[in-house]
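Below is one structure, written out as structure tokens, with a few remarks after it.
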Amino acid sequence: MSANVGLSVLVGCAFLLLAKGSNWAAAEELGHQRAKVIEPSIAPAALIAPQLEDPAAPQDPPGTGLSLFLRNGCGACHTIRGTEARGTIGPDLSHIGSRTAIGAGILPNSEEAIARFIARPDLQKPGVKMPAFDMLPQTEIQTIARYLKALQ
Amino acid sequence: MPGSRVRRSPKPSSASDEKDAINRVKDQPIMIRLKHVVFGAVGLPVIVLLGAWIGFFNVGASSGHWKVTALFLQLAMRSAVRTYALAVDAPKTLDRRGLPAAAGHFARGCAICHGEPGEPRSPAVMRMLPQPPNLALTVGDWTDAQLFRIVKHGIRFTGMPAWPARDRDDEVWAMVAFLRELPKLDANEFRALAFDAGQATGGEREPAAPAALADCRRCHGSDGQGRGDLVPALAGQKQAYLFASLHAFASGDRTSGFMALPVTGVDPADLAALARHFAAQRPLSADRDQVPAEMVNKGQQIAEIGIPERNVPACSGCHIGSDKNPIYPHLDGQHAAYLERQLKLFRSENRGGTQFWRIMATAAQRLTDDDIRAVSAYFSKRSEGPQ
């Protein structure tokens, strides 16, 4: 009888370990998927973004790339000349659209790559000082990325 | 060395001697004793298990423990608390700034079992086993470190729960400070500490307020100013931030034992109403402690320019101005002690919060204690208010 108990305890432990292991794997998988979700092309965002814009406001209507950039605090670290963004901690983004590569040369300079960088800079550039902004709605990230890419 | 050589030398000489020795050992009564041990190790647990399975052990609370069991459990509990409390690093003087919040928590969470001044305890509680102690009479038995140990970790088999939030030792110490006060309080003093005096008039002003508002007011006050410097002022705070924070407390994304109790189980529509209620209140520019101008100036530097050489962004990038994300809170006029504690919790990644908390943690990890004190003092003085 006690052998049975011992055996079932052992089996229980093994199951517990397995379950934990698979949870881990699932969590990692999810992380990967989350990073990949950023990749889809900007086509859907291009359809949604105009609805966010409020034509009543005179300048920087909410929902435009610049207003989202400032609203979420990007300007505390980055400068874009001619705007309120005067941060000096991160790179000056005034002409980011005309650069050949971003993330210290790791990524091609495309809207998608910029969007991916905004969401999870740590995945693109290990040791990066910038925090992840993947809690922002995907459409906002893509709007900001499109605005930045257009800064020639 | 020479001794061992002498002892070892006869060994290889005769193999038959060795075999004899083994047989002699095998026939020794020691093997019989070993059988007893094996039976004890395997058989007794089986018997105990069998006893439990057939329901031999009475788990009813009505008859109480056997005297010997009660004595043993008391001894084990007291000794364990005493021993584990040795590892607790108790402050020399307890911080009394958290007393109103701790008193509010006591009234909401603890008094039902441990009693509150002037209120008789429920007969149901008196029939618990073990019976929860009337803390006003018994806290004197324990040191501060021991009380901390009990409040933080709870006590097994007694119904005493562990603190509902992890990594919030500051709240546990506030409870210890309150427990030290408890024996001195009469019914009126306790009510003055645990409930906001202006509560009744506040309730009449807004009949549509959810029932949970009474709990909010214990600590945040009817005027939403926060009772005590460690409780945040909510009056005039951004509604979206308040709502997101209430959600974060309810889901456990923001850790606080004080907030977990009142917010759990509140209907989401009521949470929205609470956020609306406090957001609509007029922020008062309350008097603050005198702070050296030098410190406030340093805080202003951090708030407006940051500390570029240490990669600290300016607070203003997210927290000043009406065009910022509504989930980023206003800090103007907030209690300095509260801001200081939150920044330290962010720095150690123990705070959590809305889905944006990691951004704040990243910034806070680049701040020294002095930076935190200065920038907290600055914002507590700042009174531009929401624009």
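Labels below follow one simple rule: chain letters A, B, ... track the order of the sequence lines, proteins then strands, and each chain is numbered from 1. Being a predicted model, the structure only gives us computed values, none of them experimental.
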- [ ] Using a heavy-atom cutoff of under 4.5 Å, enumerate the residues of residues 358-371 of chain B that contact chain A, numbered in order, or state 'none'.
- [x] B:I359, B:T362, B:R366

Task: Toward chain B, the part of A:A132 with a non-hydrogen atom under 4.5 Å - done: backbone

Task: B:E294 atom CD, neighbour heavy-atom count above 12 within 6.0 Å - done: no

Open item on the list: Would you compute the distance between atom CG of A:N72 and atom CG of B:N325 and round it to the nearest 0.5 angstrom?
Closed with: 5.0 Å

Task: Distance-minimising heavy-atom pair for B:Y328 and A:R71 - done: CE1-O, 3.7 Å

- [ ] Would you please go through residues 263-270 of chain B and name the residues with a non-hydrogen atom below 4.5 Å from one of chain A, in numerical order?
- [x] none

Task: A:T88 versus B:P308, closest heavy-atom pair with distance - done: OG1-CB, 3.6 Å

TODO: Output the distance between atom CG (A:L70) and atom NZ (B:K324), rounded to the nearest 0.5 Å.
DONE: 7.0 Å

Open item on the list: Please find the pair of heavy atoms, one from B:C318 and one from A:G73, that lie closest to each other, and give the distance.
Closed with: SG-CA, 3.5 Å

Open item on the list: With a 6.0 Å cut-off (strictly less than), is the heavy-atom count around CZ of B:F57, excluding the residue itself, greater than 12?
Closed with: yes

TODO: May I ask you to name which of B:I307, B:V312, B:I305 has the most heavy-atom pairs under 4.5 Å with chain A?
DONE: B:V312

Open item on the list: With side chain to side chain contact (heavy atoms under 4.5 Å, CB included) as the criterion, how do A:E84 and B:D323 come out once you've worked through the C-alpha distance, each side chain's angles and the decisive distance to 0.1 Å?
Closed with: CA-CA 12 Å; A:E84 280 174 47; B:D323 54 346; 4.2 Å; yes

Task: Within 6.0 Å of CZ in B:R310, more than 12 heavy atoms from elsewhere - done: yes

Task: A:R99 atom CZ: more than 12 heavy-atom contacts under 6.0 Å - done: yes

